[in-house]
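The first residue of the sequence shown is numbered 1, and numbering continues consecutively from there. We use all heavy atoms of the structure for the numbers below, so side chains are in, but hydrogens, waters and symmetry mates are not. Computed from a predicted structure; not experimentally measured.
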Amino acid sequence: MLLQKTDKARLELSPGVRTLSLRERSLLLLADGKSLSDLQAMYNGIGAQIVDNLMRQGYLAGPATLPDAPSAAVAPADIAEAPKAVPQEPVAAAHKPQDPSDALRSLAGTRMYLFDICERMFARRDPALARQFHEALRGARDRASMLDVGEALLEEVAQMAGAERAQTIRDRMDQLLPREPESTTSEA
């Protein structure tokens with residue numbers, strides 16, 4: 001099955017709009033006309049989960065999800081599955097499109113996101129500050145140090161672009177960072 005970008009995907013990929021993770025955006029960039037199996041094989045198998053999320057959120061469409069797809073082209077096995085796919089209330093009830101799974105959380109992904117923010121916010125206005133944040137991000141090797149650098153970067157963003165923009169970046173950073181490890185000590 002060949003996948004196509006929807007209008008929602010084209011809007012997401014337009015300049016200045018960033019609501020998806022870097023992996024989701026890169027998969028969207030490659031999606032038009034690619035087969036479902038090719039995209040699912042990306043990112044060491046995590047591509048299947050990303051494609052599923054993007055299709056559920058309306059960023060990607062296949063021939064079966066395009067408006068008024070001819071019903072004669074649908075195989076009998078697809079007809080049996082179609083009623084199950086339409087009324088997916090749990091998906092609508094648990095509509096959290098921005099929260100990546102634990103598999104997508106990583107220090108590397110967080111670092112790349114903050115590098116991108118740093119480039120867009122500081123590289124032209126204050127190159128020395130951008131270099132300082134780049135070095136700090138390269139040196140952040142654990143969750144705590146990444147949080148420290150991120151908070152310092154967010155303070156600068158709040159001064160430059162306002163508290164609302166800083167909060168948006170903070171929320172996304174929290175979604176990308178690996179979860180805090182649960183304490184291994186148990187009280188009896």
* Consider only side-chain heavy atoms of I, L, V, M, F, W and Y, link residues closer than 4.5 Å, and tell whether Met55 and Leu11 are in one cluster. => no
* Asked: Within a strict 4.5 Å, meaning less than it, do heavy atoms of the Arg172 and Gln175 side chains meet?
  -> yes
* Measure across Gly58 and Lys8 and return the closest heavy-atom pair with its distance rounded to 0.1 Å. => O-CB, 3.8 Å
* Between atom CE of Met146 and atom CZ of Arg143, what is the distance when rounded to the nearest 0.5 Å? -> 10.5 Å
* Got a second to check how far Arg111's CZ is from Met173's CE, nearest 0.5 Å? -> 13.0 Å
* Check against side chain to side chain contact (heavy atoms under 4.5 Å, CB included), Asp52 and Arg56 -> CA-CA 6 Å; Asp52 184 50; Arg56 203 173 327 111; 2.5 Å; yes
* Structure fact -> Closest non-hydrogen contact found for Ala61 with Thr6 is CB-CG2, 3.8 Å
* **For the student: nearest non-hydrogen atoms of Glu12 and Leu20, plus distance** => OE2-N, 3.2 Å
* Below 4.5 Å, heavy atoms only, C-beta onward: do Met112 and Leu176 meet side chain to side chain? -> no
* Asked: Nearest heavy-atom pair of Leu13 and Arg25: which atoms, and what distance?
  -> CD2-O, 3.9 Å
* Structure fact -> CG of Leu177 to CZ of Arg105, rounded to nearest 0.5 Å, is 8.0 Å
* For the student: nearest non-hydrogen atoms of Ala140 and Val149, plus distance -> CB-CG2, 4.3 Å
* **Spacing of Ile117 atom CD1 and Ile169 atom CD1 [to the nearest 0.5 Å]** => 4.0 Å
* Between Leu107 and Arg141, is a side chain to side chain contact (heavy atoms under 4.5 Å, CB included) present by the stated rule, with each step listed? -> CA-CA 8 Å; Leu107 286 176; Arg141 298 291 178 202; 6.0 Å; no
* To do: Give the C-alpha distance, both sets of side-chain angles, the deciding distance and a yes or no for side chain to side chain contact (heavy atoms under 4.5 Å, CB included) between Leu3 and Leu54.
  => CA-CA 11 Å; Leu3 297 176; Leu54 291 174; over 6 Å; no
* Asked: Do the charged groups of Asp174 and Arg170 touch, with an N to O distance under 4.0 Å?
  -> no
* Asked: Would you call Asn53 and Tyr59 a side-chain contact if the rule is heavy atoms closer than 4.5 Å?
  -> no
* Not counting sequence neighbours, which residues clear side chain to side chain contact (heavy atoms under 4.5 Å, CB included) with Glu119? List them please. => Ala123, His134
* What do the steps show when you test Glu156 against Asp126 for side chain to side chain contact (heavy atoms under 4.5 Å, CB included), and what is the final call? -> CA-CA 11 Å; Glu156 292 295 328; Asp126 192 346; over 6 Å; no
* Asked: Does atom CG of Asp7 have more than 12 heavy-atom neighbours from other groups under 6.0 Å away?
  -> no
* Asked: Which value, rounded to the nearest 0.5 Å, describes the distance between Leu28 atom CG and Lys5 atom NZ?
  -> 7.0 Å
* **Side chains of Leu153 and Phe122 in contact at under 4.5 Å (non-hydrogen atoms)** => yes
* Asked: Atom CZ in Arg120, atom CZ in Arg125: separation rounded to 0.5 Å?
  -> 11.0 Å
